[in-house]
Amino acid sequence: METDTATRWLSDTEQCAWRTYLDVNRLLTYQMEKDLQPFGLTNNDYEILVNLSESPERRMRMSDLAAATLQSKSRLSHQITRMENAGLVRRENCESDRRGLYAVLTDQGMETMQKVAPHHVESVRQHFIDLLSPEALADLHESLKPVAEHLRGRRGRV
């Protein structure tokens with residue numbers, strides 16, 4: 001028995017919106033990465049620093065940090081090793097679970113975060129926030145919220 005599997009091709013308007021989103025995503029990611037380079041950081045490094053700096057006791061279980069940053073545990077482990085070598089983070093054993101590990105933001109990591117954050121925020125403003133009106137930002141937030149919620153649900157995250 002054959003079922004109807006007709007492809008729902010994108011309309012010109014949908015195709016334009018999709019390709020513009022992809023273009024902005026790539027260009028903005030590239031620019032943010034470029035603006036972090038003088039500090040010796042990548043976007044992934046910065047995201048880890050942010051997550052740890054906002055966590056209680058500046059620490060997170062490695063599995064939770066992997067989920068928060070959308071990285072595999074293996075990739076995160078390599079990332080944390082590089083950041084450990086730079087003195088930004090350290091690993092600590094989890095007392096309640098012998099197999100568990102924490103990533104902990106060091107004092108040097110926190111100082112780096114405090115030094116870089118103003119530059120990062122200025123970059124976000126210059127290349128994104130200040131280019132849109134407050135109304136456009138509110139509309140963008142409302143427009144993208146259902147997409148984010150849908151994708152979080154597919155990952156099993158709330």
Side-chain angles (χ1 to χ4, degrees), residues 17-132 134 136-158:
W18 175 242
R19 288 187 178 180
T20 300
Y21 166 77
L22 290 176
D23 198 31
V24 167
N25 183 38
R26 282 189 298 267
L27 289 166
L28 193 56
T29 299
Y30 172 82
Q31 187 64 52
M32 296 295 101
E33 190 85 31
K34 185 177 172 191
D35 290 349
L36 287 170
Q37 283 178 350
F39 301 99
L41 298 174
T42 65
N43 283 331
N44 286 338
D45 294 335
Y46 189 78
E47 184 179 16
I48 289 168
L49 292 176
V50 168
N51 274 276
L52 293 176
S53 71
E54 294 175 348
S55 295
E57 300 179 36
R58 300 186 330 202
R59 60 196 256 153
M60 289 179 74
R61 288 182 67 103
M62 291 284 286
S63 57
D64 294 337
L65 187 55
T69 59
L70 302 178
Q71 294 188 55
S72 69
K73 291 177 186 176
S74 173
R75 174 147 169 66
L76 179 66
S77 181
H78 291 295
Q79 182 81 29
I80 292 297
T81 296
R82 286 192 301 277
M83 294 177 77
E84 272 184 308
N85 291 338
L88 302 172
V89 300
R90 70 176 179 276
R91 293 177 218 233
E92 288 182 0
N93 291 322
C94 177
E95 294 175 17
S96 63
D97 177 2
R98 293 181 197 259
R99 294 178 298 148
L101 285 174
Y102 286 104
V104 181
L105 186 64
T106 63
D107 289 342
Q108 180 182 339
M110 190 63 179
E111 289 168 12
T112 298
M113 183 68 198
Q114 291 169 335
K115 179 176 108 181
V116 175
H119 298 279
H120 181 71
V121 169
E122 183 54 38
S123 180
V124 170
R125 286 197 163 285
Q126 178 183 357
H127 303 296
F128 185 75
I129 300 295
D130 292 346
L131 300 175
L132 301 170
L137 283 171
D139 289 345
L140 182 63
H141 172 73
E142 287 303 312
S143 296
L144 293 178
K145 198 163 54 169
V147 176
E149 289 170 0
H150 166 77
L151 293 171
R152 275 193 205 99
R154 292 192 55 88
R155 284 193 47 86
R157 296 176 50 202
V158 182

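Quantities reported herein were computed from a predicted structural model and do not represent experimental measurements.
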message: Before you tell me yes or no, could you show the steps for K145 and E142 under salt bridge (Lys or Arg N to Asp or Glu O under 4.0 Å), namely the whole-Å CA-CA distance, both residues' side-chain angles and the distance that decides it to 0.1 Å?
response: CA-CA 5 Å; K145 198 163 54 169; E142 287 303 312; 3.4 Å; yes
- request: Identify the heavy atoms of E47 and T69 that sit nearest to each other, and give their distance.
  value: OE2-CA, 3.7 Å
message: Nearest 0.5 angstrom please: Q37 CD to M32 CE, how far?
response: 12.0 Å
message: In the structure I gave you, are the side-chain heavy atoms of L88 and I48 within less than 4.5 Å of one another anywhere?
response: no
task: Return yes if some donor-acceptor pair links the side-chain N/O of S123 with the main-chain N/O of H119 below 3.5 Å, else return no.
output: no
Minimum heavy-atom distance between L105 and M110, given as atom pair plus value: CD2-SD, 3.5 Å
- prompt: Can you list every pair that meets ring pair (Phe, Tyr, Trp, His ring centres under 6.0 Å) and has a residue in residues 52-105, with sequence neighbours left out?
  reply: none
field: Least distance between heavy atoms, A86 atom then Q108 atom
entry: O-NE2, 3.0 Å
Value rounded to 0.5 Å, distance of NE2 in H120 from CG in L36: 6.0 Å
query: Taking the side chain as C-beta and beyond, is there a heavy-atom pair between L65 and L52 under 4.5 Å?
result: yes
- request: Please lay out, stage by stage, how L41 and L49 fare under the test side-chain contact (heavy atoms from CB on, under 4.5 Å).
  value: CA-CA 10 Å; L41 298 174; L49 292 176; 4.0 Å; yes
message: Distance alone, cut at 3.5 Å: any donor-acceptor contact between the side chains of D35 and Q31?
response: yes
- prompt: Between S77 (side chain) and K73 (backbone), is there a donor-acceptor pair under 3.5 Å?
  reply: no
statement: Looking only at heavy atoms, the pair that brings V104 and E92 closest together is CG2-CD, 3.6 Å
M62 side, atom CE; M60 side, atom CE - distance, nearest 0.5 Å: 10.5 Å
- prompt: If every non-hydrogen atom of G40 is compared with every non-hydrogen atom of D45, which pair is closest and at what distance?
  reply: O-OD2, 4.0 Å
- prompt: Got a sec: does the OH of Y21 have more than 12 other heavy atoms crowding it under 6.0 Å?
  reply: no
- line: Between the CZ atom in R90 and the CG atom in L101, the distance rounded to the nearest 0.5 Å is 13.0 Å
- prompt: Would you say S53's side chain and V50's backbone share a donor-acceptor pair under 3.5 angstrom?
  reply: yes
field: Value rounded to 0.5 Å, distance of CG in D130 from CZ in R125
entry: 5.5 Å
- request: Identify whether the distance between the nearest side-chain nitrogen and carboxylate oxygen of D107 and R58 falls below 4.0 Å.
  value: yes
- prompt: If we ignore angles and hydrogens, is there a donor and acceptor under 3.5 Å between the side chains of D23 and T20?
  reply: no
- prompt: About how many Å separate NZ of K34 and OG1 of T29, when rounded to the nearest 0.5 Å?
  reply: 14.5 Å
- request: Measure across C94 and R61 and return the closest heavy-atom pair with its distance rounded to 0.1 Å.
  value: SG-NH1, 3.1 Å
